[in-house]
Amino acid sequence: MEDRLSGVSDDARPRLLLIDGHSMAFRAYFALPVDKFSTSTGQHTNAVHGFVSMLANLIKNEQPTHVAVAFDAGSTTFRTERFPDYKGGRESTPEPFKGQVPLIREVLDAMRITHYERDMIEADDILATWSKQAGAKGWQVLVCSGDRDSLQFVTPDVTVLYPVKGVSELARMTPEAVEAKYGVTPERYPDLAALVGESADNIPGVPKVGPKTAAKWLAQYGDLDGVLAHADEIGGVVGQNLRDHLDQVRLNREINHLLTDLDLPHSPEDLAVQPWDREALHQVFDTLQFRTLRDRLLAMMPAEDREDAPADAAVVEIDVLAPGTLGDWLAARRGQPIGLEVRGSFVPGAGDADMVALGDLEGHAVVLDLAQLDPADDTALGQWLAAEDAPVVAHGGKARAHALRGRGYTLRGVVLDTELAAYLCHPDQRSYDLEDLAVRNLHREIGASGPAGGQGALELDLEGEPGAGADLAERAAVLPVLAAALESDLKDRGSYDLLTTLELPLADVLEGMEARGVAVDVEMLRELECEFGQQVQGAAQEAYQVIGREVNLGSPKQLQEVLFDQLDMPRTKKIKTGYTTDAASLADLFAKTQHPFLEHLLVHRDVTKLRQTVDTLLRYVASDGRIHTTFQQTVAATGRLSSADPNLQNIPIRTAAGRRIRQAFRVGEGYETLLTADYSQIEMRIMAHLSGDEGLIAAFRSGEDLHSYVASRVFGVATDEVSAAQRSKIKAMSYGLAYGLSAFGLSKQLNVAVGEAQALMDDYFTRFGGVRTYLHEVVEEARATGFTETIRGRRRYLPDLTSDNRQRREIAERVALNSPIQGSAADIIKDAMLGVQRELDARGLRSRMLLQVHDELVLEVAPGELETVEELLRTQMAGAADLSVPLEVSVGRGQTWHDAGH
DNA sequence: CACTTAACGTA
DNA sequence: CGTACGTTAAGTGC
């Protein structure tokens with residue numbers, strides 16, 4: 001590691017960087033705005049960000065060979081015992097600062113930087129000791145500390161970096177700089193400090209004596225002892241003051257003396273910089289939600305810090321095939337997993353591919369330009385792609401299949417999809433770029449060498465796009481290697497089965513659904529757009545009239561002005577930018593003020609949203625008159641699918657106007673009807689199953705209305721005597737429980753007193769105690785194992801369950817409650833989809849699945865197949881899991897999605 | 001131009 | 001102080 005600096009610096013001595021952790025974190029905290037740095041979970045991160053940013057700069061600029069951080073262990077130290085007022089009178093640590101220090105430690109761990117603290121000792125003492133030890137060896141030492149006491153150990157070899165402004169600007173305090181600034185040598189600095197005092201540490205100095213006077217005295221009498229010995233000779237008020245404070249000054253000197261003889265567990269040699277733990281670094285930056293900082297750090301990670309040298313397989317050799325020999329190339333590798341990478345457009349239903357690369361485990365690759373592919377090769381490629389028994393490894397196979405489909409190829413036989421595999425291993429990440437996976441799992445950089453780095457690959461590239469072929473080949477070649485790594489990772493996590501029996505086959509099913517899309521009535525959508533548009537205009541005009549001016553009703557900022565400044569309405573809930581103007585608050589305000597502006601505003605909001613939904617849908621209608629969404633299979637951490645471009649899982653249903661949009665989704669030409677099937681109360685049934693609560697299981701087995709049944713038990717009345725109000729309270733609570741709802745939250749939702757909500761929950765748990773036990777146990781087990789699990793063994797890792805930060809911990813606890821339930825429901829409907837597809841195929845039916853909306857499937861039924869399809873749909877959905885309660889499925893049919901719904 | 005925020009639709 | 005998503009316009013900052 002030492003040789004790293006030889007190229008950068010002309011000084012070949014080891015360079016030790018020492019950092020006072022608390023002091024710098026605190027500086028960072030005050031340098032950066034608290035409200036601008038927090039994660040979506042509410043964790044403040046400004047101090048972490050500032051600290052890590054500073055650390056990154058230091059490492060980059062100073063190129064240390066050794067690094068360590070010292071922290072203060074607690075508020076009690078040998079100094080406070082000696083002098084109870086030391087550091088007294090300080091404001092208590094700001095709330096948002098607490099909890100950030102452990103996060104800094106996590107980052108340091110990931111960077112494999114030693115950090116140390118010891119009871120009763122301050123960070124400065126630790127740093128002073130290391131500094132002295134390293135100085136004695138002739139090392140260069142840099143000490144980064146915001147504590148001026150550290151200036152006392154500045155020497156020609158030891159420089160203190162003292163923050164002047166925030167944490168970005170550090171003053172290099174060399175012996176010369178100390179002398180220039182304070183008029184004394186570093187060695188005498190504590191003498192000066194003893195006389196002057198340090199208000200930050202609540203150390204009183206001699207009144208009226210500042211650095212100038214103190215330095216003058218020290219120059220005159222040599223050192224502090226000299227000054228004290230000659231205290232009588234000093235005239236004036238300051239002299240008298242000194243004489244009055246002799247004991248204080250002696251005590252000060254005693255206190256600001258730093259220990260340099262601690263027995264530390266790490267010698268300076270132990271502090272050598274280590275290769276960073278990329279995996280851990282990614283994880284901690286994921287939780288901190290630091291994107292730019294992550295990139296900055298990774299970018300400066302020197303090549304020699306990569307954990308293992310790249311394996312020899314990293315060299316990709318592009319085989320130049322004679323026309324017509326692709327079949328031979330493939331035959332020579334029969335049965336071996338081949339990586340497949342595709343270049344082109346991955347748009348569902350309108351994809352296209354222009355280049356394909358194949359790579360084997362040994363690093364051999366071929367690059368195929370599909371536009372000028374030899375007919376024999378084209379056949380060989382098509383057969384190989386479609387063969388179920390020719391093992392393929394892809395990254396995002398579903399998207400690649402869309403591209404290939406555009407060229408008439410069918411993709412089958414994907415035995416491992418690296419994107420899906422990575423998702424199952426770390427379902428919380430936001431992206432699974434192949435480059436990142438290669439680096440994290442194989443320590444292999446791909447696409448980094450640039451065009452010139454290829455091995456004679458350039459001539460293979462399409463004109464005007466140098467490097468594309470080499471890049472594609474490199475990606476294809478890394479896939480089988482990566483697949484092996486991810487396969488074993490998945491097996492370790494017990495999730496391999498989930499990949500092969502659920503997610504991989506599902507990807508095929510989803511690809512089909514996306515490719516076929518869903519038919520819409522464009523005329524109807526246009527009419528709706530127009531109608532909603534007029535209503536938007538109308539509502540806006542009326543709103544303007546009320547307030548006497550035109551504002552942008554879509555701007556929360558301008559609305560705040562109108563509501564709270566112009567109209568001086570009661571303040572709503574506070575948010576970052578002021579007061580919220582969300583629908584619930586506006587409704588509250590209307591109840592209080594009856595102000596007509598609010599009415600018009602709410603109508604405007606509603607209709608704007610609807611118009612916008614219609615607008616978006618229209619933009620996505622493809623040339624076949626259908627909308628092709630993308631079902632994202634690696635986004636939702638619980639295992640659900642999500643839908644995007646456009647999102648068809650959030651089409652309105654609750655309001656009459658909204659439901660009209662569903663009328664525009666209709667059965668396609670050549671088909672008879674739409675069929676929708678949804679699970680009734682699937683999450684509550686899963687709760688009953690997982691908890692084993694006798695009462696809840698009995699409720700479902702009784703066949704009675706769930707919420708009425710539960711309400712009758714909670715309120716102690718007959719099922720048919722349950723009032724609508726009682727039922728709806730219970731319904732809200734039942735669903736809330738699976739989200740970790742508190743009595744406070746319930747009270748807010750039901751608009752009742754917290755006490756009443758609490759009583760309701762208590763009554764509920766008296767009757768359904770198994771639920772409470774289960775909810776408690778699921779959290780505790782997750783805390784012990786670090787993850788939750790669904791009925792299919794889908795894991796979600798929740799490191800925050802053991803966080804010291806209460807807010808983070810409690811959020812993780814709610815996630816732990818919800819994930820097995822939501823995730824199991826996702827498992828079940830995914831299994832059902834496989835069953836439905838299998839049956840449709842097996843029976844040679846033309847009917848087909850179109851959409852999935854979490855607990856609902858939408859199918860397009862071919863003429864004459866209705867009865868068969870409905871039956872198989874019910875059977876497959878109800879039989880998708882074997883729970884201790886029945887899975888109930890309700891089915892509807894109609895010409896439109898609205899009519900098929902129920 | 002890219003990113004974040006507030007708001008709101010679904011299960 | 002209830003989970004999981006995606007999309008949009010407005011606002012902010014480079």
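As the structure is a prediction and not an experimental result, all values here were calculated from the model. Excluded from the calculations below are hydrogen atoms, water molecules and symmetry mates; all remaining heavy atoms, backbone and side chain alike, are included.
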Handout entry: Note, N818(A) side chain near T788(A) side chain (heavy atom, < 4.5 Å)
Key = no
Handout entry: Given dA4(C), dG9(B), dC1(C), the nucleotide with the shortest approach to the side chain of S742(A)
Key = dC1(C)
Handout entry: Gap between atoms CZ and P, on R659(A) and dT10(B) respectively (whole Å)
Key = 10 Å
Handout entry: R549(A) side chain to Q566(A) side chain, donor-acceptor N/O pair below 3.5 angstrom
Key = yes
Problem - E419(A), E514(A), E511(A), Q632(A) screened by side-chain hydrogen bond (donor to acceptor under 3.5 Å, both in side chains) with K398(A), the one that passes - result: E514(A)
Exercise for the section: For H426(A) and D428(A), indicate whether the former's side chain and the latter's backbone hold a donor-acceptor pair under 3.5 Å. Expected result: no
Problem - Phosphate OP1/OP2 of dA11(B): any R654(A) side-chain N/O under 4.0 Å - result: yes
Problem - Phosphate-side-chain proximity, R640(A) and dA4(C), N/O vs OP1/OP2 below 4.0 Å - result: no
Fill in the blank from the handout: Winner on side-chain proximity to I653(A), out of dA7(B), dT10(B), dA4(C), is dT10(B)
Practice task
Let me know the distance between CG of L617(A) and P of dT10(B), rounded to the nearest Å.
Solution key: 13 Å
Fill in the blank from the handout: Closest of dG2(C), dT3(C), dA7(B) to the T581(A) side chain is dA7(B)
Problem - Atom pair distance, as rounded to whole Å: CG in L610(A) and P in dA7(B) - result: 18 Å
Practice task
Check the distance between dA11(B)'s C1' and L641(A)'s CG and give it to me in whole angstrom.
Solution key: 12 Å
Practice task
Rounded off to whole Å, could you give me the CD1-to-C1' distance for the I821(A) and dA11(B) pair?
Solution key: 14 Å
Practice task
Would you mind checking if R783(A) and E813(A) are paired as a salt bridge, meaning a charged N to carboxylate O distance below 4.0 Å?
Solution key: yes
Exercise for the section: Determine the contact category for I575(A): base if any of its heavy atoms lies under 4.0 Å from a base atom, sugar-phosphate if only primed atoms, P, OP1 or OP2 are that close, otherwise nothing. Expected result: sugar-phosphate
Exercise for the section: Write down the distance between CG (L775(A)) and P (dG2(C)), rounded to a whole number of angstrom. Expected result: 15 Å
Practice task
Quickly, which of R792(A), Q822(A), R794(A) forms a side-chain hydrogen bond (donor to acceptor under 3.5 Å, both in side chains) with D827(A)? Name it, please.
Solution key: R794(A)
Handout entry: Euclidean distance, atom CZ of residue R809(A) to atom P of dC1(C) [Å, nearest integer]
Key = 14 Å
Handout entry: Minimum side-chain heavy-atom gap H604(A)-V536(A) below 4.5 Å
Key = yes
Handout entry: Short N-O contact, R660(A) and E527(A), less than 4.0 angstrom
Key = no
Exercise for the section: Verify the ring-centre separation between H707(A) and Y735(A): is it less than 6.0 angstrom? Expected result: yes
Practice task
Scan A738(A) against the nucleic acid and name what it touches under 4.0 Å (heavy atoms): base, sugar-phosphate only, or nothing.
Solution key: nothing
Exercise for the section: When you get a sec, tell me which of dT10(B), dA4(C), dC1(C) is the closest nucleotide to the side chain of R662(A)? Expected result: dT10(B)
Handout entry: Option from T629(A), L648(A), D645(A) for which side chain to side chain contact (heavy atoms under 4.5 Å, CB included) with Y620(A) holds
Key = D645(A)
Exercise for the section: Round to a whole Å and report the spacing from CH2 of W897(A) to P of dT10(B). Expected result: 11 Å
Practice task
Scan residues 743-759 of chain A against DNA chain C and write down, sorted by residue number, each residue with any heavy atom closer than 4.0 Å; if none is found, say none.
Solution key: F744(A), G745(A), Q749(A)
Problem - Per-nucleotide protein contact string for nucleotides 5-11 of chain C (B base, S sugar-phosphate only, - none; heavy atom under 4.0 Å) - result: SBSS-SS
